[in-house]
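Residue numbers start from 1 in every chain, and the chains themselves are labelled A, B, ... in the order their sequence lines are given, proteins ahead of strands.
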Number of protein chains: 2
Amino acid sequence: MKQPLHDRIRSDYEARILSGALLPGARLPTELELMRDYACSRMTVNKALSALTAAGLIDRRKRAGTFVARPRVHSMVLDVPDLEQEVAQRGQRYRYDLLRREVRMPDPGTAEETLLAGAGPLLVLDGVHHADDVPLASEQRLISLSAVPETEGVDFAGASPGAWLLKHVPWTQAETRIAAVGADRAVAAGLNLLPGSPCLLIERRTWRGDDGITLVRQHFVGSAYDLIATFGPAKG
Amino acid sequence: MKQPLHDRIRSDYEARILSGALLPGARLPTELELMRDYACSRMTVNKALSALTAAGLIDRRKRAGTFVARPRVHSMVLDVPDLEQEVAQRGQRYRYDLLRREVRMPDPGTAEETLLAGAGPLLVLDGVHHADDVPLASEQRLISLSAVPETEGVDFAGASPGAWLLKHVPWTQAETRIAAVGADRAVAAGLNLLPGSPCLLIERRTWRGDDGITLVRQHFVGSAYDLIATFGPAKG
DNA sequence: TGGATAGTAATGTATAGACATAATTTGAGG
DNA sequence: CCTCAAATTATGTCTATACATTACTATCCA
(Lines give C-alpha, C1' and ligand atoms only; values in the text may rest on other atoms or scores of the structure.)
Protein backbone atom coordinates (compact mmCIF):
# COMPACT_ATOMS: atom_id res chain seq x y z
CA MET A 1 0.00 0.00 0.00
CA LYS A 2 3.05 2.30 -0.23
CA GLN A 3 1.59 4.18 -3.15
CA PRO A 4 3.29 7.47 -4.01
CA LEU A 5 1.05 10.48 -3.66
CA HIS A 6 1.37 11.58 -7.28
CA ASP A 7 0.30 8.12 -8.32
CA ARG A 8 -2.71 8.23 -6.03
CA ILE A 9 -3.82 11.55 -7.48
CA ARG A 10 -3.35 10.17 -10.98
CA SER A 11 -5.27 6.97 -10.35
CA ASP A 12 -8.05 8.85 -8.52
CA TYR A 13 -8.78 10.93 -11.60
CA GLU A 14 -8.08 8.11 -14.02
CA ALA A 15 -10.77 6.07 -12.27
CA ARG A 16 -13.25 8.94 -12.38
CA ILE A 17 -12.66 9.46 -16.08
CA LEU A 18 -12.73 5.80 -17.04
CA SER A 19 -15.86 5.13 -14.99
CA GLY A 20 -17.69 7.94 -16.72
CA ALA A 21 -18.13 9.92 -13.50
CA LEU A 22 -16.21 12.69 -15.27
CA LEU A 23 -17.51 12.97 -18.81
CA PRO A 24 -15.49 14.27 -21.78
CA GLY A 25 -15.27 18.05 -21.61
CA ALA A 26 -15.70 18.18 -17.84
CA ARG A 27 -13.31 20.45 -16.03
CA LEU A 28 -10.88 19.19 -13.41
CA PRO A 29 -9.77 21.27 -10.41
CA THR A 30 -6.84 23.60 -10.96
CA GLU A 31 -3.43 22.62 -9.67
CA LEU A 32 -3.87 25.07 -6.80
CA GLU A 33 -7.13 23.44 -5.76
CA LEU A 34 -5.59 19.98 -5.98
CA MET A 35 -2.68 21.15 -3.83
CA ARG A 36 -5.23 21.95 -1.14
CA ASP A 37 -7.28 18.78 -1.69
CA TYR A 38 -4.25 16.54 -1.28
CA ALA A 39 -2.19 18.83 0.96
CA CYS A 40 0.89 18.61 -1.23
CA SER A 41 3.10 20.78 -3.41
CA ARG A 42 2.31 21.85 -6.93
CA MET A 43 5.05 19.71 -8.48
CA THR A 44 3.39 16.60 -7.11
CA VAL A 45 0.03 17.56 -8.57
CA ASN A 46 1.76 18.45 -11.81
CA LYS A 47 3.41 15.06 -12.07
CA ALA A 48 0.03 13.34 -11.75
CA LEU A 49 -1.60 15.55 -14.35
CA SER A 50 1.35 15.22 -16.73
CA ALA A 51 0.94 11.46 -16.63
CA LEU A 52 -2.75 11.76 -17.46
CA THR A 53 -1.86 14.11 -20.30
CA ALA A 54 0.68 11.66 -21.68
CA ALA A 55 -1.95 8.93 -21.50
CA GLY A 56 -4.32 11.12 -23.50
CA LEU A 57 -6.98 11.19 -20.82
CA ILE A 58 -6.99 14.94 -20.28
CA ASP A 59 -6.31 18.12 -22.25
CA ARG A 60 -4.72 21.11 -20.58
CA ARG A 61 -4.85 24.70 -21.80
CA LYS A 62 -3.07 27.59 -20.18
CA ARG A 63 -5.32 30.05 -18.45
CA ALA A 64 -8.38 27.92 -19.32
CA GLY A 65 -7.76 24.83 -17.19
CA THR A 66 -7.73 21.05 -17.38
CA PHE A 67 -10.46 19.06 -19.13
CA VAL A 68 -11.36 15.43 -19.74
CA ALA A 69 -10.32 14.57 -23.31
CA ARG A 70 -12.67 13.09 -25.86
CA PRO A 71 -11.69 9.46 -26.34
CA ARG A 72 -9.65 9.06 -29.48
CA VAL A 73 -12.23 7.26 -31.46
CA HIS A 74 -10.46 5.10 -33.89
CA SER A 75 -7.02 4.24 -32.67
CA MET A 76 -6.49 0.98 -30.89
CA VAL A 77 -3.40 -0.95 -29.94
CA LEU A 78 -2.77 -4.01 -32.04
CA ASP A 79 -0.39 -6.58 -30.59
CA VAL A 80 1.44 -8.53 -33.25
CA PRO A 81 3.38 -11.08 -31.25
CA ASP A 82 6.17 -13.16 -32.64
CA LEU A 83 4.70 -16.26 -34.23
CA GLU A 84 7.11 -18.64 -32.55
CA GLN A 85 6.24 -17.29 -29.08
CA GLU A 86 2.56 -17.28 -29.93
CA VAL A 87 2.57 -20.93 -30.90
CA ALA A 88 4.66 -21.88 -27.89
CA GLN A 89 2.24 -20.07 -25.60
CA ARG A 90 -0.60 -22.16 -26.95
CA GLY A 91 1.38 -25.18 -25.86
CA GLN A 92 2.13 -26.28 -29.41
CA ARG A 93 5.37 -27.14 -31.13
CA TYR A 94 6.62 -24.53 -33.58
CA ARG A 95 8.38 -25.27 -36.84
CA TYR A 96 9.42 -23.12 -39.79
CA ASP A 97 10.13 -24.79 -43.12
CA LEU A 98 12.22 -22.78 -45.55
CA LEU A 99 11.05 -23.48 -49.09
CA ARG A 100 13.08 -21.03 -51.13
CA ARG A 101 16.10 -18.85 -50.57
CA GLU A 102 17.45 -16.62 -53.27
CA VAL A 103 19.46 -13.45 -53.73
CA ARG A 104 18.52 -11.29 -56.68
CA MET A 105 18.24 -7.70 -57.81
CA PRO A 106 14.87 -5.97 -57.44
CA ASP A 107 12.56 -5.98 -60.44
CA PRO A 108 12.46 -2.33 -61.59
CA GLY A 109 8.87 -2.90 -62.74
CA THR A 110 7.70 -3.92 -59.25
CA ALA A 111 7.26 -0.76 -57.23
CA GLU A 112 7.28 -2.50 -53.85
CA GLU A 113 10.67 -4.06 -54.50
CA THR A 114 12.45 -0.88 -55.55
CA LEU A 115 10.69 0.98 -52.76
CA LEU A 116 12.14 -1.47 -50.28
CA ALA A 117 15.69 -1.81 -51.45
CA GLY A 118 16.30 0.97 -53.97
CA ALA A 119 18.81 -0.45 -56.40
CA GLY A 120 20.43 -2.84 -53.90
CA PRO A 121 20.12 -6.64 -53.85
CA LEU A 122 17.25 -8.52 -52.22
CA LEU A 123 17.21 -11.68 -50.16
CA VAL A 124 14.06 -13.65 -50.91
CA LEU A 125 12.83 -16.14 -48.31
CA ASP A 126 9.68 -18.24 -48.76
CA GLY A 127 8.53 -20.66 -46.08
CA VAL A 128 5.69 -22.07 -44.02
CA HIS A 129 5.06 -21.76 -40.27
CA HIS A 130 3.71 -24.85 -38.53
CA ALA A 131 2.05 -25.46 -35.17
CA ASP A 132 2.31 -29.10 -34.12
CA ASP A 133 3.23 -29.95 -37.73
CA VAL A 134 -0.01 -28.41 -39.02
CA PRO A 135 0.60 -25.54 -41.47
CA LEU A 136 -0.46 -22.25 -39.88
CA ALA A 137 0.85 -19.58 -42.20
CA SER A 138 2.70 -19.24 -45.45
CA GLU A 139 5.25 -16.46 -45.65
CA GLN A 140 6.89 -14.61 -48.53
CA ARG A 141 9.62 -12.27 -47.34
CA LEU A 142 11.95 -9.80 -48.99
CA ILE A 143 14.95 -8.41 -47.10
CA SER A 144 17.06 -5.52 -48.30
CA LEU A 145 20.63 -6.78 -48.22
CA SER A 146 22.07 -3.26 -48.40
CA ALA A 147 20.20 -2.38 -45.19
CA VAL A 148 20.97 -5.66 -43.39
CA PRO A 149 24.01 -7.25 -45.04
CA GLU A 150 24.56 -9.69 -42.16
CA THR A 151 21.43 -11.67 -43.10
CA GLU A 152 23.29 -13.13 -46.06
CA GLY A 153 25.37 -15.34 -43.78
CA VAL A 154 22.48 -16.58 -41.63
CA ASP A 155 21.05 -20.06 -42.01
CA PHE A 156 17.29 -19.59 -41.95
CA ALA A 157 16.43 -23.24 -42.44
CA GLY A 158 14.50 -24.00 -39.27
CA ALA A 159 14.47 -20.59 -37.58
CA SER A 160 11.81 -18.05 -38.49
CA PRO A 161 13.38 -15.05 -40.26
CA GLY A 162 10.90 -12.76 -38.48
CA ALA A 163 12.19 -13.75 -35.05
CA TRP A 164 15.80 -13.41 -36.20
CA LEU A 165 15.22 -9.94 -37.60
CA LEU A 166 13.30 -8.85 -34.51
CA LYS A 167 16.23 -9.83 -32.33
CA HIS A 168 19.07 -8.57 -34.46
CA VAL A 169 17.78 -5.58 -36.39
CA PRO A 170 16.27 -2.59 -34.59
CA TRP A 171 13.64 -0.78 -36.61
CA THR A 172 11.92 2.54 -36.14
CA GLN A 173 8.87 2.39 -38.37
CA ALA A 174 6.48 -0.26 -39.50
CA GLU A 175 3.24 -0.49 -41.40
CA THR A 176 0.91 -3.45 -41.44
CA ARG A 177 -1.94 -4.09 -43.84
CA ILE A 178 -4.60 -6.62 -42.89
CA ALA A 179 -7.06 -8.14 -45.31
CA ALA A 180 -9.07 -11.27 -46.03
CA VAL A 181 -8.28 -13.07 -49.28
CA GLY A 182 -8.88 -16.42 -50.86
CA ALA A 183 -5.84 -18.68 -51.00
CA ASP A 184 -4.23 -18.77 -54.44
CA ARG A 185 -2.78 -22.00 -55.79
CA ALA A 186 0.70 -21.60 -54.28
CA VAL A 187 -0.55 -20.56 -50.85
CA ALA A 188 -3.20 -23.28 -50.80
CA ALA A 189 -0.57 -25.90 -51.61
CA GLY A 190 1.73 -24.70 -48.83
CA LEU A 191 -1.06 -24.61 -46.25
CA ASN A 192 -2.73 -27.80 -47.37
CA LEU A 193 -5.99 -26.02 -48.17
CA LEU A 194 -8.36 -25.83 -51.10
CA PRO A 195 -7.70 -22.85 -53.37
CA GLY A 196 -10.06 -20.02 -52.47
CA SER A 197 -10.21 -20.88 -48.77
CA PRO A 198 -10.38 -17.72 -46.63
CA CYS A 199 -7.00 -16.55 -45.35
CA LEU A 200 -5.99 -13.62 -43.19
CA LEU A 201 -3.38 -11.69 -45.14
CA ILE A 202 -0.88 -9.70 -43.09
CA GLU A 203 1.55 -7.56 -45.04
CA ARG A 204 4.20 -5.70 -43.10
CA ARG A 205 6.90 -3.29 -44.16
CA THR A 206 9.55 -2.10 -41.72
CA TRP A 207 12.07 0.70 -41.95
CA ARG A 208 15.02 1.97 -40.00
CA GLY A 209 15.04 5.68 -40.59
CA ASP A 210 14.58 6.04 -44.34
CA ASP A 211 15.98 2.63 -45.27
CA GLY A 212 13.56 -0.19 -45.99
CA ILE A 213 14.47 -3.34 -44.10
CA THR A 214 11.96 -6.00 -44.97
CA LEU A 215 8.62 -6.63 -46.62
CA VAL A 216 6.73 -9.70 -45.51
CA ARG A 217 3.44 -11.17 -46.66
CA GLN A 218 1.88 -13.83 -44.48
CA HIS A 219 -1.23 -15.85 -45.28
CA PHE A 220 -2.82 -17.36 -42.17
CA VAL A 221 -5.30 -20.21 -42.30
CA GLY A 222 -8.53 -18.32 -41.61
CA SER A 223 -9.98 -20.83 -39.22
CA ALA A 224 -6.81 -21.05 -37.14
CA TYR A 225 -5.74 -17.51 -36.44
CA ASP A 226 -7.06 -14.11 -35.45
CA LEU A 227 -5.77 -10.80 -34.18
CA ILE A 228 -6.84 -8.85 -31.11
CA ALA A 229 -6.68 -5.08 -30.74
CA THR A 230 -7.57 -3.26 -27.55
CA PHE A 231 -8.25 0.23 -26.30
CA GLY A 232 -8.16 1.24 -22.66
CA PRO A 233 -7.27 -0.78 -19.56
CA ALA A 234 -7.08 -4.54 -19.98
CA LYS A 235 -10.42 -6.30 -19.85
CA GLY A 236 -10.62 -9.98 -19.01
CA MET B 1 11.97 25.65 -32.03
CA LYS B 2 11.52 26.44 -28.33
CA GLN B 3 11.95 22.88 -27.18
CA PRO B 4 11.95 22.37 -23.43
CA LEU B 5 15.19 20.96 -22.09
CA HIS B 6 13.63 17.84 -20.56
CA ASP B 7 12.08 17.11 -23.92
CA ARG B 8 15.42 17.50 -25.67
CA ILE B 9 17.07 15.07 -23.28
CA ARG B 10 14.20 12.63 -23.78
CA SER B 11 14.28 12.81 -27.57
CA ASP B 12 18.09 12.58 -27.64
CA TYR B 13 18.02 9.23 -25.91
CA GLU B 14 14.84 8.07 -27.63
CA ALA B 15 16.59 8.57 -30.96
CA ARG B 16 19.68 6.68 -29.83
CA ILE B 17 17.59 3.76 -28.63
CA LEU B 18 15.30 3.58 -31.66
CA SER B 19 18.19 3.87 -34.10
CA GLY B 20 20.03 1.01 -32.45
CA ALA B 21 22.97 3.17 -31.38
CA LEU B 22 22.11 2.07 -27.83
CA LEU B 23 21.32 -1.63 -27.82
CA PRO B 24 19.03 -3.37 -25.32
CA GLY B 25 20.83 -3.83 -22.02
CA ALA B 26 23.16 -0.88 -22.61
CA ARG B 27 23.59 1.41 -19.66
CA LEU B 28 22.63 5.07 -19.78
CA PRO B 29 24.48 7.75 -17.79
CA THR B 30 23.32 8.31 -14.22
CA GLU B 31 21.15 11.30 -13.42
CA LEU B 32 24.17 13.03 -11.94
CA GLU B 33 26.18 12.56 -15.13
CA LEU B 34 23.27 13.81 -17.23
CA MET B 35 23.00 16.88 -14.99
CA ARG B 36 26.55 17.70 -15.94
CA ASP B 37 26.08 16.82 -19.62
CA TYR B 38 23.10 19.11 -19.99
CA ALA B 39 23.98 21.59 -17.24
CA CYS B 40 20.60 21.34 -15.57
CA SER B 41 18.99 20.20 -12.34
CA ARG B 42 18.24 16.63 -11.41
CA MET B 43 14.45 17.12 -11.64
CA THR B 44 14.82 18.04 -15.30
CA VAL B 45 16.84 14.94 -16.06
CA ASN B 46 14.38 12.89 -14.03
CA LYS B 47 11.42 14.18 -16.01
CA ALA B 48 13.06 13.08 -19.25
CA LEU B 49 13.93 9.63 -17.94
CA SER B 50 10.47 9.18 -16.39
CA ALA B 51 8.93 9.79 -19.81
CA LEU B 52 11.21 7.17 -21.38
CA THR B 53 10.26 4.76 -18.59
CA ALA B 54 6.56 5.38 -19.18
CA ALA B 55 7.11 4.72 -22.88
CA GLY B 56 8.78 1.42 -22.02
CA LEU B 57 12.08 2.33 -23.66
CA ILE B 58 14.22 2.05 -20.53
CA ASP B 59 14.32 0.12 -17.27
CA ARG B 60 15.59 1.74 -14.10
CA ARG B 61 16.83 -0.02 -10.98
CA LYS B 62 17.90 1.66 -7.79
CA ARG B 63 21.59 1.50 -7.09
CA ALA B 64 22.17 -0.32 -10.41
CA GLY B 65 21.30 2.40 -12.92
CA THR B 66 19.32 2.97 -16.09
CA PHE B 67 19.30 0.50 -19.00
CA VAL B 68 17.79 0.21 -22.44
CA ALA B 69 14.73 -2.06 -22.11
CA ARG B 70 14.95 -5.60 -23.40
CA PRO B 71 12.48 -6.74 -26.03
CA ARG B 72 10.61 -4.19 -28.04
CA VAL B 73 6.97 -5.03 -27.55
CA HIS B 74 5.54 -5.45 -30.97
CA SER B 75 2.48 -3.27 -30.67
CA MET B 76 1.14 -1.05 -33.39
CA VAL B 77 -1.60 1.52 -33.69
CA LEU B 78 -4.61 0.34 -35.60
CA ASP B 79 -6.89 2.96 -37.11
CA VAL B 80 -10.49 1.86 -37.25
CA PRO B 81 -12.24 4.80 -38.86
CA ASP B 82 -15.95 5.30 -38.96
CA LEU B 83 -17.34 3.49 -41.99
CA GLU B 84 -19.45 6.41 -43.16
CA GLN B 85 -16.45 8.77 -43.15
CA GLU B 86 -14.27 6.13 -44.79
CA VAL B 87 -16.66 5.67 -47.66
CA ALA B 88 -17.16 9.42 -48.08
CA GLN B 89 -13.40 9.93 -48.19
CA ARG B 90 -13.14 7.52 -51.08
CA GLY B 91 -15.60 9.76 -52.88
CA GLN B 92 -18.40 7.22 -52.72
CA ARG B 93 -21.98 7.52 -51.52
CA TYR B 94 -22.67 5.82 -48.19
CA ARG B 95 -25.89 4.04 -47.30
CA TYR B 96 -26.93 1.86 -44.36
CA ASP B 97 -29.92 -0.47 -44.75
CA LEU B 98 -31.53 -1.62 -41.53
CA LEU B 99 -32.77 -5.18 -41.99
CA ARG B 100 -33.92 -6.09 -38.51
CA ARG B 101 -34.67 -4.26 -35.29
CA GLU B 102 -35.79 -6.07 -32.21
CA VAL B 103 -35.78 -5.74 -28.44
CA ARG B 104 -35.42 -8.94 -26.49
CA MET B 105 -33.93 -10.42 -23.35
CA PRO B 106 -30.47 -12.00 -23.60
CA ASP B 107 -30.31 -15.73 -24.14
CA PRO B 108 -28.93 -17.14 -20.86
CA GLY B 109 -27.25 -19.90 -22.87
CA THR B 110 -25.24 -17.44 -24.99
CA ALA B 111 -22.31 -16.24 -22.91
CA GLU B 112 -21.57 -13.21 -25.06
CA GLU B 113 -25.10 -11.87 -24.60
CA THR B 114 -25.22 -12.15 -20.82
CA LEU B 115 -21.66 -10.87 -20.65
CA LEU B 116 -22.74 -7.77 -22.52
CA ALA B 117 -25.99 -6.90 -20.83
CA GLY B 118 -26.21 -9.02 -17.68
CA ALA B 119 -29.90 -9.64 -17.19
CA GLY B 120 -31.04 -6.43 -18.90
CA PRO B 121 -32.76 -6.16 -22.30
CA LEU B 122 -30.91 -6.09 -25.62
CA LEU B 123 -31.52 -4.04 -28.74
CA VAL B 124 -30.69 -6.11 -31.80
CA LEU B 125 -29.85 -4.29 -35.04
CA ASP B 126 -28.91 -6.09 -38.26
CA GLY B 127 -28.07 -4.19 -41.42
CA VAL B 128 -25.82 -3.76 -44.44
CA HIS B 129 -23.38 -0.93 -45.23
CA HIS B 130 -23.20 0.14 -48.88
CA ALA B 131 -20.73 2.20 -50.88
CA ASP B 132 -22.28 3.57 -54.07
CA ASP B 133 -25.12 1.05 -53.62
CA VAL B 134 -22.66 -1.88 -53.61
CA PRO B 135 -22.79 -3.93 -50.39
CA LEU B 136 -19.57 -3.42 -48.43
CA ALA B 137 -20.21 -4.97 -45.04
CA SER B 138 -22.92 -6.79 -43.18
CA GLU B 139 -23.38 -5.90 -39.53
CA GLN B 140 -24.97 -7.69 -36.59
CA ARG B 141 -25.12 -5.48 -33.50
CA LEU B 142 -26.29 -5.94 -29.94
CA ILE B 143 -26.77 -2.92 -27.68
CA SER B 144 -27.34 -3.15 -23.94
CA LEU B 145 -30.47 -1.12 -23.27
CA SER B 146 -29.77 -0.89 -19.56
CA ALA B 147 -26.43 0.80 -20.33
CA VAL B 148 -27.76 3.04 -23.09
CA PRO B 149 -31.55 3.36 -22.63
CA GLU B 150 -31.78 6.34 -25.00
CA THR B 151 -31.08 4.14 -28.04
CA GLU B 152 -34.57 2.72 -27.80
CA GLY B 153 -36.09 5.94 -29.09
CA VAL B 154 -33.66 6.41 -31.99
CA ASP B 155 -34.63 5.71 -35.60
CA PHE B 156 -31.70 3.78 -37.05
CA ALA B 157 -33.23 3.27 -40.48
CA GLY B 158 -30.69 5.00 -42.73
CA ALA B 159 -28.10 6.11 -40.16
CA SER B 160 -25.37 3.72 -39.11
CA PRO B 161 -25.78 2.73 -35.45
CA GLY B 162 -21.99 2.74 -35.05
CA ALA B 163 -21.75 6.42 -35.93
CA TRP B 164 -24.66 7.27 -33.66
CA LEU B 165 -23.18 5.43 -30.70
CA LEU B 166 -19.76 6.95 -31.29
CA LYS B 167 -21.25 10.41 -31.11
CA HIS B 168 -23.65 9.94 -28.24
CA VAL B 169 -22.16 7.33 -25.93
CA PRO B 170 -18.73 7.81 -24.38
CA TRP B 171 -16.88 4.57 -23.86
CA THR B 172 -13.67 3.79 -22.08
CA GLN B 173 -12.64 0.35 -23.22
CA ALA B 174 -12.88 -1.58 -26.43
CA GLU B 175 -11.62 -4.82 -27.82
CA THR B 176 -11.53 -5.78 -31.47
CA ARG B 177 -11.02 -9.23 -32.91
CA ILE B 178 -9.98 -9.55 -36.51
CA ALA B 179 -10.20 -12.75 -38.51
CA ALA B 180 -10.75 -14.09 -42.00
CA VAL B 181 -13.82 -16.29 -42.49
CA GLY B 182 -15.90 -17.64 -45.31
CA ALA B 183 -19.29 -15.98 -45.73
CA ASP B 184 -22.15 -18.05 -44.33
CA ARG B 185 -25.50 -18.15 -46.11
CA ALA B 186 -27.01 -15.11 -44.37
CA VAL B 187 -23.93 -12.93 -44.79
CA ALA B 188 -23.46 -14.01 -48.40
CA ALA B 189 -27.04 -13.10 -49.18
CA GLY B 190 -26.69 -9.65 -47.61
CA LEU B 191 -23.43 -8.93 -49.42
CA ASN B 192 -24.46 -10.45 -52.72
CA LEU B 193 -21.60 -12.97 -52.62
CA LEU B 194 -21.26 -16.71 -53.01
CA PRO B 195 -21.29 -18.57 -49.69
CA GLY B 196 -17.71 -19.29 -48.61
CA SER B 197 -16.26 -16.14 -50.17
CA PRO B 198 -13.46 -14.71 -48.00
CA CYS B 199 -14.62 -11.96 -45.64
CA LEU B 200 -12.78 -9.87 -43.09
CA LEU B 201 -14.56 -10.37 -39.78
CA ILE B 202 -14.31 -7.52 -37.29
CA GLU B 203 -15.87 -8.14 -33.91
CA ARG B 204 -15.82 -5.29 -31.43
CA ARG B 205 -17.00 -5.04 -27.83
CA THR B 206 -17.08 -1.73 -26.01
CA TRP B 207 -17.51 -0.93 -22.35
CA ARG B 208 -17.96 2.10 -20.16
CA GLY B 209 -16.30 1.18 -16.91
CA ASP B 210 -17.64 -2.26 -16.11
CA ASP B 211 -20.83 -1.98 -18.13
CA GLY B 212 -20.96 -3.52 -21.58
CA ILE B 213 -22.34 -1.12 -24.18
CA THR B 214 -22.35 -2.87 -27.51
CA LEU B 215 -21.13 -5.94 -29.35
CA VAL B 216 -20.85 -5.67 -33.11
CA ARG B 217 -19.84 -8.20 -35.72
CA GLN B 218 -19.07 -6.90 -39.19
CA HIS B 219 -18.31 -8.99 -42.27
CA PHE B 220 -16.47 -7.02 -44.95
CA VAL B 221 -16.24 -8.15 -48.54
CA GLY B 222 -12.65 -9.40 -48.63
CA SER B 223 -11.75 -7.90 -51.96
CA ALA B 224 -13.10 -4.46 -51.05
CA TYR B 225 -11.66 -3.64 -47.65
CA ASP B 226 -8.49 -3.78 -45.59
CA LEU B 227 -7.07 -2.34 -42.39
CA ILE B 228 -3.83 -0.45 -41.85
CA ALA B 229 -1.81 -0.40 -38.65
CA THR B 230 1.33 1.68 -38.14
CA PHE B 231 4.19 2.06 -35.73
CA GLY B 232 6.47 5.06 -35.50
CA PRO B 233 6.45 8.36 -37.40
CA ALA B 234 4.13 8.49 -40.42
CA LYS B 235 5.58 7.01 -43.60
CA GLY B 236 4.18 7.88 -47.01
C1' DT C 1 -18.82 51.52 -30.01
C1' DG C 2 -14.53 49.63 -30.72
C1' DG C 3 -9.87 48.54 -30.31
C1' DA C 4 -5.40 48.59 -28.21
C1' DT C 5 -3.45 47.65 -23.65
C1' DA C 6 -2.64 46.21 -19.19
C1' DG C 7 -3.97 42.76 -15.75
C1' DT C 8 -4.68 38.08 -14.24
C1' DA C 9 -5.35 33.23 -13.86
C1' DA C 10 -4.02 29.13 -15.32
C1' DT C 11 -0.49 25.84 -17.04
C1' DG C 12 4.70 24.99 -18.40
C1' DT C 13 9.41 24.75 -17.16
C1' DA C 14 13.09 24.83 -14.15
C1' DT C 15 15.98 25.12 -9.76
C1' DA C 16 18.16 23.45 -5.38
C1' DG C 17 17.69 20.82 -1.80
C1' DA C 18 15.89 17.06 1.36
C1' DC C 19 14.80 12.56 2.73
C1' DA C 20 13.20 7.70 1.33
C1' DT C 21 14.10 3.32 -0.78
C1' DA C 22 16.41 -0.41 -2.88
C1' DA C 23 20.33 -2.98 -4.35
C1' DT C 24 25.04 -3.65 -4.41
C1' DT C 25 29.54 -3.56 -2.24
C1' DT C 26 32.37 -3.72 1.64
C1' DG C 27 33.76 -4.99 6.09
C1' DA C 28 33.67 -7.21 10.65
C1' DG C 29 33.09 -11.30 13.31
C1' DG C 30 32.48 -15.86 13.76
C1' DC D 1 35.35 -19.00 4.15
C1' DC D 2 30.77 -17.74 5.20
C1' DT D 3 27.32 -14.68 7.07
C1' DC D 4 25.26 -10.74 8.68
C1' DA D 5 25.55 -5.84 9.17
C1' DA D 6 26.94 -1.35 7.64
C1' DA D 7 28.24 1.91 4.07
C1' DT D 8 27.56 3.42 -0.55
C1' DT D 9 25.23 4.61 -4.69
C1' DA D 10 21.64 5.39 -7.71
C1' DT D 11 16.89 6.02 -8.28
C1' DG D 12 12.16 7.62 -6.21
C1' DT D 13 9.49 11.06 -4.07
C1' DC D 14 8.51 15.51 -2.41
C1' DT D 15 8.90 20.53 -1.12
C1' DA D 16 9.05 25.46 -1.81
C1' DT D 17 9.96 28.76 -4.96
C1' DA D 18 10.70 31.32 -9.30
C1' DC D 19 9.84 32.91 -13.67
C1' DA D 20 7.85 31.97 -18.50
C1' DT D 21 3.94 31.42 -21.46
C1' DT D 22 -0.61 31.74 -22.90
C1' DA D 23 -5.18 33.15 -23.34
C1' DC D 24 -8.94 35.18 -21.32
C1' DT D 25 -10.82 39.72 -18.91
C1' DA D 26 -11.35 44.22 -17.95
C1' DT D 27 -10.25 48.77 -18.56
C1' DC D 28 -9.09 52.96 -20.68
C1' DC D 29 -9.11 56.04 -24.41
C1' DA D 30 -10.38 57.59 -29.02
What distance separates B:L32 CG from B:D37 CG, expressed to the nearest 0.5 Å?
-> 10.5 Å
Is the B:H129 ring parallel, tilted or perpendicular to the B:Y94 ring (thresholds 30°, 60°)?
-> tilted
Please test A:R61 against A:D59 for salt bridge (Lys or Arg N to Asp or Glu O under 4.0 Å), starting from the C-alpha separation and ending with a verdict.
-> CA-CA 7 Å; A:R61 291 202 318 279; A:D59 285 331; over 6 Å; no
At under 4.0 Å between heavy atoms, which parts of nucleotides 11-20 of chain D does protein reach? Answer with one letter per nucleotide, 5' to 3': B base, S sugar-phosphate only, - none.
-> BBBBBB-B--
Not counting sequence neighbours, which residues clear side chain to side chain donor-acceptor pair (under 3.5 Å) with A:D132? List them please.
-> none
Residue of the set A:K62, A:R36, A:R42 for which salt bridge (charged side-chain N to carboxylate O under 4.0 Å, His left out) holds with A:E31 = A:R42
